[in-house]
There are 2 protein chains.
Amino acid sequence: MRILISLVSSSTSTGLHLLSVSRRLHTKISPFSTLIGLKPPPAMATSEDSLRRSLAEKQSSIESQGNTVRALKAANAEKATVDEAIEKLNALKLDKSVMEKQLQAAVNGNGPDGSINKEAFRQAVVNTLERRLFYIPSFKIYRGVAGLYDYGPPGCAVKSNVLSFWRQHFVLEENMLEVDCPCVTPEAVLKASGHVDKFTDLMVKDEKTGTCYRADHLLKDFCNEKIQKDLSISAEKAAELKHVLAMLDDLSAEELGAKIKEYGITAPDTKNPLSDPYPFNLMFQTSIGPSGLSPGYMRPETAQGIFVNFKDLYYYNGNKLPFAAAQIGQAFRNEISPRQGLLRVREFTLAEIEHFVDPEYKSHPKYSEVADLEFLMFPREQQISAQSAKKIQLGEAVSKGIVNNETLGYFIGRVYLFLTRLGIDKDRLRFRQHLANEMAHYAADCWDAEIESSYGWIECVGIADRSAYDLHAHTEKSGVPLVAHEKFSEPKEVEKLVIAPVKKELGLAFKGNQKKVVEALEAMNEKEALDMKASLETKGVVEFYVCTLGENVSIKKNMVSISKEKKKEHQRTFTPSVIEPSFGIGRIIYCLYEHSFLHEAQ
Amino acid sequence: MRILISLVSSSTSTGLHLLSVSRRLHTKISPFSTLIGLKPPPAMATSEDSLRRSLAEKQSSIESQGNTVRALKAANAEKATVDEAIEKLNALKLDKSVMEKQLQAAVNGNGPDGSINKEAFRQAVVNTLERRLFYIPSFKIYRGVAGLYDYGPPGCAVKSNVLSFWRQHFVLEENMLEVDCPCVTPEAVLKASGHVDKFTDLMVKDEKTGTCYRADHLLKDFCNEKIQKDLSISAEKAAELKHVLAMLDDLSAEELGAKIKEYGITAPDTKNPLSDPYPFNLMFQTSIGPSGLSPGYMRPETAQGIFVNFKDLYYYNGNKLPFAAAQIGQAFRNEISPRQGLLRVREFTLAEIEHFVDPEYKSHPKYSEVADLEFLMFPREQQISAQSAKKIQLGEAVSKGIVNNETLGYFIGRVYLFLTRLGIDKDRLRFRQHLANEMAHYAADCWDAEIESSYGWIECVGIADRSAYDLHAHTEKSGVPLVAHEKFSEPKEVEKLVIAPVKKELGLAFKGNQKKVVEALEAMNEKEALDMKASLETKGVVEFYVCTLGENVSIKKNMVSISKEKKKEHQRTFTPSVIEPSFGIGRIIYCLYEHSFLHEAQ
C-alpha cells in the first residue's frame with residue numbers, strides 16, 4: 001500500500017511533506033489473492049443489455065429444444081435422433097450458464113475474465129485501513145455507533161497533512177480570510193439558511209418494530225438487487241429499474257411511497273410492512289443554555305459561519321471585492337441509517353471556501369494560469385444524451401459557456417490541481433455538471449469533482465455559483481444588510497421611478513384597507529407604474545388589483561403621484577455573488593487510499 | 001500590540017514560524033491613555049487588611065472627635081477651642097478619605113498611585129482583539145449567543161500556529177499516537193466516565209422570570225462586591241467573605257442555598273427571590289439516529305475517545321508501555337451563564353495527552369532534560385499556610401516528593417517549556433498543586449499551569465496523575481479488559497490463596513441462600529480467609545457475616561476449603577496509570593494576547 005505521507009515529519013521539514021515523502025506498506029495477503037489485479041477494475045462496460053437479451057433468447061431456445069426432446073421421446077423416435085436433440089439441449093444449457101456468468105460479472109463491474117470484483121477490492125482496502133488503525137469504528141468497545149469513525153495515528157497524520165496542504169494550496173496561495181466558528185449554532189441562523197425547514201431525507205418505519213430506513217435506499221437496494229441477482233428479468237424490466245435508479249433523487253414522498261408499494265418492498269430485517277415515507281431533519285438538535293428555550297443545532301456545513309460574518313470580513317478586506325473566506329471544521333448530519341462505510345458518516349471534516357464577487361464582474365485575474373488544463377469533464381448535455389465524460393480544455397469549456405464564468409472555471413482548475421497533486425488518479429477524476437433538476441433554483445451553475453472508487457463515482461468536492469442567495473437570506477432574516485458598494489469615480493446621473501401614494505386620499509377611500517393598497521402601489525414594477533400613470537392621465541381613474549385584498553380597487557388621479565426623477569448617485573450597492581468550493585475531506589482521503597492501494601504477491 | 005505569529009507564512013517557511021517571526025501592531029489610542037502603563041498591574045498587594053483596620057479606627061476617632069465638638073459647642077466653649085477641635089475633625093476626615101482611596105485601589109488591584117486598573121486594561125485588549133477580528137462574537141448579526149466566539153482571520157492564523165507548535169513540541173517530539181475522534185458521543189461512554197451523573201453545576205432560578213444563574217457565581221459576586229465596594233465593613237466581616245470565596249468550590253447545594261438565604265441574595269436583574277440550588281448537567285444533549293432512542297452528547301473533553309481506544313493503541317505500540325496518545329479537538333460545555341468573555345465559553349479547542357504508564361515504574365527516560373528547570377511552583381503546603389508561590393527547581397520538587405513522580409514532573413517541565421516558548425511571561429506563570437479537597441479521590445497528584453491575566457490566575461493546563469481510574473471504569477462498563485501485560489523474563493513462582501466453597505454442602509445447609517453465601521466466601525480478602533481457616537481448624541465451625549443476607553451464618557469445616565497454592569506465572573496483568581496533561585487552547589491564546597499587549601503613546 002503506497003501512502004503519500006510522512007507520518008511523523010521532523011521539525012525541519014517544510015509544509016509540503018505530504019508530497020515529498022512516500023512510503024510503501026506491504027500488505028501481507030494470502031496466496032489466493034495473488035490473482036487479484038494491481039488496480040481496481042475500470043468502470044462497468046455496459047455490454048449488460050445485450051447479454052440480457054441474448055440470455056432471454058437462449059432461454060427460449062432451451063425451452064423450445066426441451067419441447068422438441070419431449071416430443072421426440074413421446075413419438076418414440078430413434079435413439080440417435082433423441083440423443084442428438086438432447087446433446088443440442090445440453091449445449092444450449094452450457095451456453096446459457098457461460099452467459100449467466102458473463103452477465104453476473106458485467107453487473108458486478110468485473111471484467112469478463114472474472115477477475116477481482118469491487119466488493120473484494122474494497123474489503124481488502126478497508127481491512128488494511130482498519131488493521132493498521134488508519135480508521136477505527138468509534139466507541140468500538142461499546143459496540144460502536146453507525147456512521148462514526150476515529151482516525152487512528154496514521155490516519156490522523158494523513159488528515160493533518162491533507163489539511164495543511166489544503167491551507168497552503170487555497171488559503172495561503174490566494175490570501176483567503178480563514179475563520180473558525182463554533183459547531184453549536186442557534187436556530188435563527190439555520191432557519192434563515194433553509195436547513196431547519198428543508199434539510200431532510202425521506203424515512204420509512206418498520207410498522208411493527210419502529211426501525212427506521214431511508215426510503216430511497218430501500219428502493220435503490222431493491223432495484224440493484226433485482227438487476228444484479230435476478231438474471232431472469234427482461235431487458236425492458238431492467239431498463240425500467242435503471243430509470244427508477246436514475247430518478248431516485250427527484251422522487252417526491254408520494255412517488256417514493258407508491259414505488260415501494262408497487263414493488264412490494266418490506267422492511268429488510270423483518271419483512272414487516274413499511275410506513276409511508278415522511279421527512280426527517282438531518283441536523284443533530286440540542287438546546288443552548290439551561291432554560292431549554294433556545295434550540296440549537298450542530299452545524300450541517302461550515303459555510304453559514306462565513307456568511308453571517310460577511311460584513312466584518314468585507315470591512316477587514318478594506319471594503320473591496322472580490323475576496324474569499326475559508327473555514328475548516330467539523331460538520332454533522334444525523335443520517336437515518338448510514339451505510340457506504342467511510343463515505344457516509346454522521347460527523348465529518350469540511351473545508352469550505354466562499355469567494356465573494358461582484359455579480360457583474362465574474363472574471364478572475366489568475367484565470368489564465370488554469371485555462372490550459374485539460375481533464376475529464378461531464379457537462380449536462382453529455383449526461384442527458386447518455387454520452388460519457390470526455391477530456392475538455394478548461395479554457396474552451398469557459399469560452400463556450402459550458403462553465404458559467406471565469407471565476408467558477410478558475411476554482412474548477414484549482415480543485416483539479418489540488419486533487420491530482422494530492423495523489424488522486426487523474427483518469428478516475430471527473431467534473432460533473434449538475435443537471436437542471438439537481439440544482440437549487442438560485443444557483444447559476446454547479447460542478448462536482450467526482451472521484452471513482454469501488455462505490456462508483458463519488459462526489460468529493462462541490463463547486464457552486466450560488467449567486468446572491470445566502471447573503472440575501474441572512475440580510476432578510478437578520479435585518480443587517482450584507483451588501484457591497486462600488487464607488488463611482490464620478491457621480492452618475494440616474495433616472496429613478498418615484499411612486500408616492502397620497503395616504504390621506506387613500507385613507508378616505510379605503511379606510512382599514514388603506515395600508516394594503518399603499519403597499520401594493522409601492523410594489524409596482526416600472527412598467528406597471530408607467531401604464532398606470534398613462535391611464536390616470538387619460539382616464540383619471542384605473543382599476544387596480546390588490547392581491548393582499550384579493551380584489552380590484554379604483555385608483556383615482558389624486559391618490560398617487562408617479563414620476564421619474566433624476567438623481568446623482570455616488571456608488572452602487574449590491575449583494576455579492578458567492579462561488580463556493582466545498583470539500584469533503586474524509587471522502588477525499590478515502591478515495592486517496594483506494595487510488596494508492598497496491599497489492600503485492602507474497 | 002506584539003503578536004508572536006506570522007499570519008500568512010510563505011510556503012517555504014518551516015513549522016516553527018510561530019516563534020521566528022514577530023510583528024508589532026500599533027494600537028491607536030486616545031491621548032489620556034498615555035497615562036496607562038506598559039504592563040498590567042502586578043498581583044494585588046495585600047495591605048488591604050491593615051488599611052481596613054486603620055479605616056475602622058479612623059472612623060471611630062472621627063465619631064469621638066465629632067462628639068467632642070458637639071460637647072464643646074453645647075458647653076459654649078471658647079471659639080478658639082471649638083475651632084481647634086473642628087480643625088482636628090476635618091484633618092481626621094481628610095485622612096479617612098485618603099485611606100478610602102488607598103483601600104479602593106488595593107481591592108481593585110491598582111497601585112497606590114491610582115494607575116491603570118485591571119478592567120481598563122482588559123477592555124483595551126478585548127477592544128483591540130475584536131476590532132482587528134482576532135475574535136468575533138459568533139452570530140453577531142443575530143445578536144449572538146453568550147459563550148460562543150469565532151476566530152477571525154488573524155486569530156485563526158494564531159490558533160493554527162499554536163496548534164502546529166503544540167503538535168511539534170509534544171506529539172512529534174515524543175512519538176505520541178495522535179487520534180481524532182468524533183464530538184458526538186453515545187451515552188454509554190459518558191455514563192462510564194461519570195459525566196452523565198456528575199458533570200454538573202449548581203443552578204438557581206429567578207422564581208418569577210425563570211432566568212437561570214450559577215449559584216456559586218451569585219455568591220461570589222456578592223462577596224466580591226461587598227469587599228470591593230463597601231468600605232465600611234469590618235476586617236472580620238471581610239475575612240469571613242474571603243473565607244466563603246475560598247471555600248466556594250467545596251460548598252454543597254444545601255450550604256450554597258443557606259449562604260444565599262443568609263446574605264439575602266436576589267436575582268441580579270430583577271431582585272426577585274431565587275430558587276434553591278439544584279444541579280444542571282453541562283453537556284449538550286442530542287439524539288443519535290432517527291429513532292430518538294439513542295441519547296448522545298457533545299463530548300465535554302477529548303480524553304474519553306483515547307481511553308476507549310486503549311486496547312488498539314496498546315497493540316499498535318507493540319504491546320509496550322509507556323506510550324502516550326494525544327488528541328486535538330472541539331469540546332462542549334453548556335455553561336449556565338457564561339461570563340469572563342473569552343475564558344469561559346461553550347465550545348472550545350482542547351489538546352489532551354494521555355500518557356499510559358506502569359503504576360510501578362513512573363520514572364521517565366527524558367526526565368533529566370527538565371530536572372534543572374526552575375520556575376514558580378505553588379505546592380499544597382504553601383497554599384494552606386497562606387504563603388505565596390515560589391521558585392523551586394523541578395528536580396528538587398520531585399526528589400522531595402512534592403511532585404508525586406518523575407513522569408508527572410517531566411510533563412510539568414515540558415508544559416513550562418511549551419508555554420514560555422510560546423510567549424507566556426514566565427513571571428506570570430505558576431504551577432499550582434491541587435488541594436486534597438479539589439482532587440478526585442482516585443487522583444494521585446494534580447497540578448494546574450496557571451497564567452496571570454486581568455481576570456487573576458487562570459487555569460490553562462491541567463496535569464493530573466489520574467491513576468487507573470478511567471481505564472478501570474471503561475473496563476467495567478464495556479466488559480472489554482483495558483489492561484497491559486508485563487512478560488517475565490522467566491516464569492515466577494507465586495503463592496496464591498485459593499478459596500473453594502463446597503457447593504453441595506452449602507446447598508444442603510442454606511438452600512436458596514447458597515449462592516449469596518458462596519459469593520461472600522469467595523469475596524474474602526487474604527486476612528479474612530486465613531482467619532477463617534485457622535478458626536475452622538481449631539473449632540470446626542465459625543460465624544460468618546454475609547452482607548447480602550444481612551445476617552451471620554454458621555460455616556462448618558466441610559463447607560469450604562481454603563489453601564495456599566504455588567503457581568507459576570509468566571506475566572503480570574495490570575491496569576496502567578494515566579498521566580494527563582490537558583490544554584485549554586483558547587485560554588492559552590487569550591493569556592498570550594494579554595502578555596503580548598503593548599500600548600504605545602501617540
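In what follows, chains are A, B, ... by sequence order, proteins preceding strands, each numbered from 1.
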[atom1]-[atom2] distance between [X] and [Y], expressed to the nearest 0.5 angstrom:
X: B:Met298; Y: A:Met298; atom1: CE; atom2: CE; result: 3.0 Å
X: B:Ile136; Y: A:Tyr316; atom1: CD1; atom2: OH; result: 9.5 Å
X: A:Cys156; Y: B:Ile328; atom1: SG; atom2: CD1; result: 8.0 Å
X: B:Ser291; Y: A:Ile336; atom1: OG; atom2: CD1; result: 11.5 Å
X: A:Asp180; Y: B:Tyr135; atom1: CG; atom2: OH; result: 10.5 Å
X: B:Phe284; Y: A:Ile288; atom1: CZ; atom2: CD1; result: 6.0 Å

Donor-acceptor contact present, side-chain [X] to main-chain [Y], <3.5 Å:
X: B:Asn334; Y: A:Ser287; answer: yes
X: A:Thr286; Y: B:Gln285; answer: yes
X: A:Ser478; Y: B:Tyr142; answer: no
X: B:Glu347; Y: A:Val184; answer: yes

Flag side-chain contact, heavy atom, 4.5 Å: A:Pro290 against B:Met203: yes
At a heavy-atom separation under 4.5 Å, does [X] approach chain B through its side chain, its backbone, both, or neither?
X: A:Val145; answer: side chain
X: A:Asn309; answer: side chain
X: A:Arg167; answer: side chain
X: A:Tyr149; answer: backbone
X: A:Thr185; answer: both
X: A:Leu482; answer: side chain

Worked check of side-chain contact (heavy atoms from CB on, under 4.5 Å) between B:Ile141 and A:Thr475: CA-CA 9 Å; B:Ile141 63 171; A:Thr475 297; over 6 Å; no
NZ (B:Lys159) with more than 12 external heavy atoms under 6.0 Å: yes
Any chance NE2 of A:His472 has more than 12 other-residue heavy atoms, nucleotides or ligands included, within less than 6.0 Å? no
Highest number of heavy-atom pairs under 4.5 Å with chain A: which of [options]?
options: B:Leu148, B:Asp150, B:Thr349; result: B:Asp150
options: B:Ala188, B:Cys181, B:Gly289; result: B:Gly289
options: B:Cys183, B:Gly147, B:Ala146, B:Gly144; result: B:Cys183
options: B:Val179, B:Leu313, B:Thr211; result: B:Val179

Let's test your reading of the structure: which of A:Leu133, A:Asn281, A:Asp201 forms the most heavy-atom pairs below 4.5 Å with chain B? A:Leu133
Heavy atoms only, distances under 4.5 angstrom: which of A:Pro182, A:Pro338, A:Cys212 has the most pairs with chain B? Name it, please. A:Pro182
Contact origin within B:Val480 toward chain A - heavy atom pairs under 4.5 Å: side chain
Interface moiety of B:Arg346 toward chain A, non-hydrogen atoms closer than 4.5 Å: side chain
